[in-house]
Number of protein chains: 2
Amino acid sequence: MNTSQDVVDFVRNGHLHYLPHLSIDCVIFGYHANQLKTLLLRYHGHEQWSLPGGFVRRHEPLSEAAHRILATQTQIADLFLQQFHTFGDGSTRLNRIETQQIHNRIFAKAGVAIAEDHWLSERTLSVGYYALVDYLSVTITPDFLVEEYAWCDVDAIPSLLFDHQEIIEKALLTLRDQLYQQPIGARLLPAKFTLPEIHALYETILGKPFDRRNFRKKLLALGLVRQLPEQRRIGAHRSPYLYEFDPENYHRALEEGSVLAG
Amino acid sequence: MNTSQDVVDFVRNGHLHYLPHLSIDCVIFGYHANQLKTLLLRYHGHEQWSLPGGFVRRHEPLSEAAHRILATQTQIADLFLQQFHTFGDGSTRLNRIETQQIHNRIFAKAGVAIAEDHWLSERTLSVGYYALVDYLSVTITPDFLVEEYAWCDVDAIPSLLFDHQEIIEKALLTLRDQLYQQPIGARLLPAKFTLPEIHALYETILGKPFDRRNFRKKLLALGLVRQLPEQRRIGAHRSPYLYEFDPENYHRALEEGSVLAG
DNA sequence: CCAAAAGTGTTCCCACTACACCCATGT
DNA sequence: ACATGGGTGTAGTGGGAACACTTTTGG
């Protein structure tokens, strides 16, 4: 939503166009400087951070809604989006009044109030999607209601609104579970990357160390990556070679669930 | 719902107590005679079969709703229930009129009609849960609206209402993916089972053959099962030994994702 | 010259694979 | 006796694990 008027329209007429009681929350993962990060935002009037999210139109396919929500908040060239869980157990149980207050503080920026019987004040389940993006190719389309955006290291997530903490944790677990079934490496890394980069990425996601030599051996033995003649300059150190994924072997390995050396 | 009056109340006042636009569907897996089966039901007035399902109360945690729905339709001692996907892309896109007609045929048994603007006629997303049960210890609590229940072999599923076909397929894929992370074997088998039983179960779920000797060797090497002195009589053949799971080793192996021999 | 990071090869052993014959039971 | 299904062991090998020194680069 780009203008105050958009927001007012949404609050007044949203119930005609969106499904109540259901939202979509997106955990956007990126990888930079050997750190796994997620994109968070902070609404006007709140100190706590939130996940990007939105609502489903009344006749819109669910996955289409997730893509639309992501597309309106960020401009991401090549997007991988995956549903991972639906949250409705509310470890963070908010009552109607609390929900109303949170929304009122958000929407105050547009000078519009949310009543206690407004649909946004009601209980809302949330479908969680995770997105994998190339950190460097993301640009953000600022939303009228959002005061700031930030990439946060996943091991230093600040205090979050609603049950977004729980959603991120589940997304991380899913990432770990699916590392050998989904093209997670290829989506988080740029087209050309170094061995230390992919090595650190796997260590970060799985939370355990891998022997560098065995790791490279396995990648090459499975034909997952190809070494390029180019090198990258990284300052006062030896220049690492660049690699690229071999799409065919990579996707075959994902289907078979081939596990890398540990 | 046990009586005509229950059904009438539900149709008239359900919107006050349940969340609209959202249902829960349960794929109940059981294992018997070396066949993986799911429990299906057929509503009065329909030739097609359906998954057991229901709606979420307005302030009821989602997983609690799933347990309640299962508990009212079946009496299952020891239940393992796991959310696996939320369906809202509608490969089976039904419009309002078609949805209304399906519900009208179901609810006709109670002599109550569903209007075109009734909440049950509207677009509904579905949260899929799969349950693992010990086939022999399930007893069914007949529902007023259901004409018959049946366990169907998963490789001979009949034509189903709504998008239930897709839901079962996704449940089976999930079962396959999670066989080494969730206690699927232990929940589908009775407390004591034979090696040929568990062997065939793994072959069925993963859809590929395992060498009998290597399979047993691996189970014992990981300490997953203990051989008991008892045997089972199986008619005109040699009596197989009974085994039981070693809970401690079994759960440790699941956490590590240990893979059995292929 | 030094500090920091990247590149690289070998050995050992365990665990997976492949494989076939005998035994128990009921008819 | 026979048909059916269950029980059981070994040998070979390939892949995973462990492990340390050299090279590059910039300051």
Side-chain angles (χ1 to χ4, degrees), chain A residues 32-35 179-180 189-190 192-204 206-244 249 252-253 256-262, chain B residues 31-35 179-180 189-190 192-204 206 208-244 249 252-253 256-262:
Chain A
H32 187 64
N34 284 0
Q35 273 290 342
L179 184 58
Y180 295 125
L189 292 167
K192 297 176 181 181
F193 51 88
T194 67
L195 259 184
E197 281 172 345
I198 188 174
H199 175 241
L201 175 61
Y202 274 72
E203 287 192 338
T204 300
L206 295 179
K208 66 180 182 186
F210 288 83
D211 180 89
R212 286 191 294 144
R213 285 168 287 192
N214 294 337
F215 186 75
R216 172 173 182 273
K217 216 183 312 173
K218 192 70 188 290
L219 280 179
L220 291 173
L222 289 170
L224 297 184
V225 299
R226 281 191 289 258
Q227 185 170 350
L228 300 172
E230 318 155 52
Q231 295 176 299
R232 171 179 295 166
R233 293 307 175 88
I234 56 162
H237 306 294
R238 181 168 182 172
S239 305
Y241 285 97
L242 289 174
Y243 290 76
E244 63 181 9
N249 287 331
R252 186 175 38 69
E256 294 170 5
S258 313
V259 168
L260 293 178
Chain B
Y31 186 65
H32 187 63
N34 284 0
Q35 273 289 342
L179 184 58
Y180 295 126
L189 294 167
K192 297 177 181 181
F193 52 88
T194 67
L195 260 185
E197 282 172 346
I198 188 174
H199 176 240
L201 175 62
Y202 275 71
E203 287 191 338
T204 301
L206 296 178
K208 66 179 182 187
F210 288 84
D211 180 89
R212 284 192 293 147
R213 285 168 285 192
N214 295 337
F215 186 77
R216 172 171 182 273
K217 216 183 311 172
K218 191 72 187 287
L219 280 179
L220 291 173
L222 288 170
L224 297 184
V225 299
R226 281 191 289 258
Q227 184 170 351
L228 300 173
E230 319 155 51
Q231 294 175 298
R232 171 180 297 165
R233 293 304 171 94
I234 56 162
H237 307 293
R238 181 168 181 175
S239 306
Y241 285 97
L242 289 173
Y243 290 76
E244 63 182 9
N249 287 331
R252 186 173 39 68
E256 295 169 4
S258 312
V259 169
L260 293 178

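Please read all numbers here as calculations on a predicted model, not as lab measurements. Quick note: numbers below take in every heavy atom, side chains included, and nothing from hydrogens, waters or symmetry partners. Sequence lines set the chain letters: A, B, ... in the order given, protein chains first and strands last, and positions in each chain run from 1.
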* Quick one: pull up OH in Tyr180(B) and OH in Tyr202(B) and give me the separation to the nearest 0.5 Å. =>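 Here the interatomic distance stands at 6.5 Å.
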When the distance from [atom1] of [X] to [atom2] of [N] is rounded to whole Å, what number comes out?
X	N	atom1	atom2	value
Leu260(A)	dA17(D)	CG	C1'	15 Å
Phe215(B)	dC16(C)	CZ	P	13 Å
Tyr243(B)	dT8(D)	OH	C1'	10 Å
Phe193(B)	dG6(D)	CZ	C1'	16 Å
Phe210(B)	dT17(C)	CZ	P	9 Å
Arg238(B)	dA3(D)	CZ	P	19 Å
Asn34(A)	dA5(C)	CG	P	11 Å
Arg232(B)	dA24(C)	CZ	C1'	16 Å

* Would you call Glu197(B) and Arg232(B) a salt bridge, taking side-chain N to carboxylate O under 4.0 Å as the test? ->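 Here Glu197(B) pairs with Arg232(B) in a salt bridge, since their nearest N and O are under 4.0 Å apart.
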* To do: For Arg213(B) and for Ala236(B), locate the closest nucleotide of DNA chain C by heavy-atom distance; then report the residue assigned to the nucleotide nearer the 5' terminus.
  =>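 With Arg213(B) and Ala236(B) compared, the 5'-side residue is Arg213(B).
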* To do: Nearest-nucleotide wise, let me know which of Arg212(B) and Lys217(A) is further upstream toward the 5' end of DNA chain D.
  => Arg212(B)
* Which residue lies toward the 5' end of DNA chain D, Gln231(B) or His237(B), if each is placed at its nearest nucleotide? ->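 Final value for this comparison: His237(B).
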* Can you check whether Leu222(B) reaches Leu219(B) side chain to side chain, under 4.5 Å on heavy atoms? ->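 Counting from C-beta outward, Leu222(B) and Leu219(B) never come under 4.5 Å.
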* Asked: Just wondering, do Leu228(A) and Tyr243(A) contact through their side chains at under 4.5 Å, heavy atoms?
  -> no
* Asked: Does dA24(C) have OP1 or OP2 sitting under 4.0 Å from an N or O in the side chain of Ser239(B)?
  ->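 For Ser239(B), the contact criterion (side-chain N or O under 4.0 Å from OP1 or OP2 of dA24(C)) is not met.
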* Asked: Can you check whether Lys218(A) has a side-chain N or O nearer than 4.0 Å to OP1 or OP2 of dG15(D)?
  -> no
* Consider the side chain of Arg216(A), meaning its heavy atoms from C-beta on, and name the nucleotide among dT8(D), dA24(C), dT8(C) that approaches it most closely. =>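 Looking only at side-chain atoms, Arg216(A) lies closest to dT8(C).
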* Asked: Any idea which of dA18(C), dT22(D), dG5(D) is nearest the Asn214(B) side chain?
  ->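 Of all the options, the side chain of Asn214(B) is nearest to dA18(C).
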* Considering non-hydrogen atoms only, spot the tightest contact between Asn249(B) and Leu224(B) and give its length. => O-CD2, 3.8 Å
* Checking all strands, does Arg233(A) fall into the base, sugar-phosphate, or nothing category for heavy-atom contacts under 4.0 angstrom? -> sugar-phosphate
